Amino acid sequence: MKKTLITGAAGFLGSHLCDRFIAEGHHVIGMDNLITGDLKNIEHLFHLKRFEFFHHDVSKFVHVPGRMDYILHFASPASPIDYLKIPIETLKVGSLGTLNLLGLARDHKARILVASTSEVYGDPLVHPQNEDYYGNVSPIGPRGVYDEAKRFMESITMAYHRHHGLDTRIVRIFNTYGSRMRLNDGRVVPAFMGQALRGEDLTVFGDGSQTRSFTYIDDQIEGIYRLLMSDYVEPINIGNPDETTILEFAEEIIKLTGTDQKIVFKPLPQDDPLQRQPDISRAKEILNWEPKVHRSVGLKKVYEYFKSLPHDQLWESHR
Ligand code: NAD
Ligand code: UDP
């Protein structure tokens, strides 16, 4: 039986990865310090003999006894309000955390996949973004704590591959949405849906002309799984190229939820990228992967999920 360590296991993507690897028959070790995650996301796995959970901060020394085949490093705050609130922890988990996990992978002769992001492209001057684009990131801007930590993550991962021959994979994840996102994490999908459910106006930042391309969780997990099982070492974009402006997106959510609320405009956060769309030619060619779930279908599913949450979670303010 394959043994797989997933960091960030109690978070949005990490918990769905735990489900997938359990379904694939692996023994899964979830690790998380719960800084932005929630044990509720994985409590359905606690009764399984093939699932273990370690409450641990991966920016500190990481030791896991026994054999290990795969490591997926997904621990990191991922929402702009989270990483602006805990900037040093964000820098540490992308740098020291990654270093610790690469060391662990080396000790165990395990394959390691690290979760990078479309944010390595910053506010991109190339559109759509392909993996050869080096990006346009301000190292000292507020978002730099996340973007530069992830850029360092990619650099040190490639160095371990080249220098130590470590078996590595790098996924560049574009905006992904689905169940188990925190309603109050500030990202645009839970933000707009939470506002619609509470009967509040939808807050569009800037004039809403900035674009994003949203990927449904099931498509994202499939892409990550295929990449891990491939032999491809360079970074691969996993995202849905279906691009929308944030203003159009707000209108879409109003229609979907049937809310009577209006759109209100708020200032655009500093360094908020103006456009983002993945070029997925590489994922198509190497992994034979492309997204299958249309936004209208995925958004309906996640809205049903948010609607089903206990009432107090809807009103929980940001941590
Ligand atoms: P999330 O906040 O839901 O999950 C992150 C998890 O990591 C949380 O459970 C948190 O408690 C844990 N964590 C953070 N720091 C830790 C530390 N030092 N030690 C142990 N655990 C720690 O976020 P998510 O959306 O699931 O993102 C998961 C990963 O995917 C992140 O690395 C993120 O950068 C990457 N990513 C996500 C997206 C997206 O759209 N969701 C896009 C690009 C990249
Ligand atoms: N956004 C918005 N209103 C909100 C939350 C976000 O207009 O209440 C915008 C945000 O400025 C950005 C886009 O939606 O342009 C996506 O934001 P998110 O935080 O989800 O992801 P990221 O900026 O990391 O792509």
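Note that ligands are numbered from 1 as they come in the structure, with each ligand's atoms numbered from 1 the same way. The structure presented is a predicted model; accordingly, all values stated were derived computationally and were not measured.
What sits closest to atom 28 (C) of ligand 1 on the protein, heavy atoms only, is F74 O, 3.3 Å. Atom 3 (O) of ligand 1 has as its closest protein heavy atom F12 N, 2.9 Å. Regarding atom 4 (O) of ligand 1, its nearest protein heavy-atom neighbour is G11 CA, 3.4 Å. Nearest protein neighbour of atom 5 (C) of ligand 1, counting heavy atoms only, is S76 O, 3.3 Å. Of all protein heavy atoms, the one lying nearest to atom 19 (N) of ligand 1 is V58 N, 3.0 Å. What sits closest to atom 16 (C) of ligand 1 on the protein, heavy atoms only, is N33 OD1, 3.3 Å. Looking from atom 32 (O) of ligand 1 to the surrounding protein, the closest heavy atom is K150 NZ, 2.8 Å. Protein heavy atom in closest approach to atom 10 (C) of ligand 1: T36 OG1, 3.2 Å.
Within ligand 1, the atoms closer than 4.0 Å to a non-hydrogen atom of Y146 are 33 (C), 34 (O), 36 (N), 43 (C), 44 (C), numbered from 1 in the order shown. Below 4.0 Å from some heavy atom of G37 lie the following atoms of ligand 1, by number and element: 8 (C), 9 (O), 10 (C), 11 (O). Taking a cut-off of under 4.0 Å to the non-hydrogen atoms of D57, the atoms of ligand 1 that pass are 17 (C), 18 (N), 19 (N). Listed by atom number, the atoms of ligand 1 under 4.0 Å from L34 heavy atoms are 11 (O). Shown in contact with H56 at under 4.0 Å from a heavy atom are these atoms of ligand 1, numbered in order with element: 19 (N), 20 (C). Of all atoms in ligand 1, numbered sequentially from 1 with element shown, those under 4.0 Å from a heavy atom of S59 are 18 (N). Heavy-atom contacts of A10 reach the following atoms of ligand 1: 9 (O) (cutoff under 4.0 Å).
Within the 4.0 Å heavy-atom shell around ligand 1 one does not find R180. Taking a 4.0 Å cut-off on heavy atoms, S79 fails to register as neighbouring ligand 1.
Annotation: P77 places no N or O atom under 3.5 Å from an N or O atom of ligand 1; distance criterion only. Checked by distance only, ligand 1 and L13 come closer than 3.5 Å through their nitrogen or oxygen atoms. Considering backbone and side-chain N/O of R187, one or more are found under 3.5 Å from N/O of ligand 1. Some N or O of D32 is nearer than 3.5 Å to an N or O of ligand 1, by distance alone.
Note on D123 versus R143: no salt bridge recorded, every NZ/NE/NH1/NH2 to OD/OE distance being 4.0 Å or above. Using a 4.0 Å cut-off between charged nitrogen and carboxylate oxygen, K292 and D219 do not count as a salt-bridge pair.
Separation of atoms CG (D279) and CG (N130) is listed at 5.0 Å; rounding is to 0.5 Å. Taken to the nearest 0.5 Å, the CG atom of L17 stands 11.5 Å off from the CD atom of E24. Taken from CG in D271 to CG in D147, the straight-line distance is 8.0 Å, to the nearest 0.5 Å.
Each of E154, E131, E234 was scored for a salt bridge (Lys or Arg N to Asp or Glu O under 4.0 Å) with R172, with one residue passing: E154.
When the options L39, N175, I35, V62 are ranked by their closest heavy atom to atom 14 (C) of ligand 1, first place goes to I35. Compare T215, I173, I42 by their heavy atoms: the one nearest to atom 38 (C) of ligand 1 is in I173. Of the candidates I6, T176, V189, T176 brings a heavy atom nearest to atom 40 (O) of ligand 1. Considering only non-hydrogen atoms, atom 23 (O) of ligand 1 lies nearest to A78 out of A78, G178, A75, G30.
Ring geometry, F21 versus H26: the interplanar angle exceeds 60°, so the pair is classed perpendicular (tilted spans 30 to 60°). In this structure, H63 and F61 have parallel ring planes: the angle between them is below the 30° cut-off, well short of the 60° mark.
No side-chain donor from either of R50 and H27 sits under 3.5 Å from a side-chain acceptor of the other. There is a side-chain donor-acceptor pair under 3.5 Å between N237 and Y121.
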Kindly list each side-chain donor-acceptor pair under 3.5 angstrom involving residues 299-312, sequence neighbours excluded, with atom names and distances?
| from | atom 1 | to | atom 2 | distance (Å) |
| --- | --- | --- | --- | --- |
| Y305 | OH | R180 | N | 3.3 |
| S308 | OG | Y305 | O | 2.7 |
| H311 | NE2 | W315 | NE1 | 3.3 |

Below 3.5 Å, can you tabulate the donor-acceptor pairs from side chains in residues 90-105 to any protein atom, sequence neighbours excluded?
| from | atom 1 | to | atom 2 | distance (Å) |
| --- | --- | --- | --- | --- |
| T90 | OG1 | I86 | O | 2.7 |
| S95 | OG | L91 | O | 2.5 |
| S95 | OG | K92 | O | 3.4 |
| T98 | OG1 | H73 | NE2 | 3.4 |
| T98 | OG1 | G94 | O | 2.5 |
| N100 | ND2 | V58 | O | 2.9 |
| N100 | ND2 | S59 | O | 3.3 |
| N100 | ND2 | K60 | O | 3.0 |
| N100 | ND2 | L96 | O | 3.3 |

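Remark: R20 qualifies as a cation-pi partner of Y225 under the 6.0 Å distance and 45° angle criteria applied to the six-membered ring.
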Anything under 3.5 Å between an N or O on ligand 2 and a protein N or O? List each pair with its distance, or write none.
| from | atom 1 | to | atom 2 | distance (Å) |
| --- | --- | --- | --- | --- |
| ligand 2 | 3 (N) | T203 | O | 2.6 |
| ligand 2 | 7 (O) | F205 | N | 2.8 |
| ligand 2 | 8 (O) | T203 | O | 3.3 |
| ligand 2 | 8 (O) | T203 | OG1 | 3.0 |
| ligand 2 | 11 (O) | D272 | OD2 | 2.6 |
| ligand 2 | 15 (O) | Q210 | NE2 | 3.0 |
| ligand 2 | 15 (O) | R212 | NH2 | 3.3 |
| ligand 2 | 15 (O) | D272 | OD1 | 2.7 |
| ligand 2 | 15 (O) | D272 | OD2 | 3.4 |
| ligand 2 | 20 (O) | V188 | N | 2.8 |
| ligand 2 | 21 (O) | N175 | ND2 | 3.4 |
| ligand 2 | 23 (O) | R143 | NH2 | 3.0 |
| ligand 2 | 23 (O) | R212 | NH2 | 3.2 |
| ligand 2 | 24 (O) | R143 | NH2 | 3.1 |
| ligand 2 | 25 (O) | N175 | ND2 | 2.9 |
| ligand 2 | 25 (O) | R212 | NE | 2.6 |
| ligand 2 | 25 (O) | R276 | NH1 | 2.6 |

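The aromatic ring centres of F249 and F214 sit less than 6.0 Å apart.
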So I173 and F74, side chain to side chain contact (heavy atoms under 4.5 Å, CB included) or not? Walk me through it.
CA-CA 11 Å; I173 300 168; F74 277 68; 3.7 Å; yes
Which is it for Q195 and T203 under the side chain to side chain donor-acceptor pair (under 3.5 Å) test, yes or no, and what are the steps along the way?
CA-CA 8 Å; Q195 287 163 344; T203 52; 2.8 Å; yes
Derivation of the side chain to side chain contact (heavy atoms under 4.5 Å, CB included) call for N175 and R276
CA-CA 9 Å; N175 298 62; R276 190 181 284 156; 2.8 Å; yes
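Partners of K255 according to the salt bridge (charged side-chain N to carboxylate O under 4.0 Å, His left out) rule, which considers only residues two or more places apart in sequence or in another chain, do not exist here.
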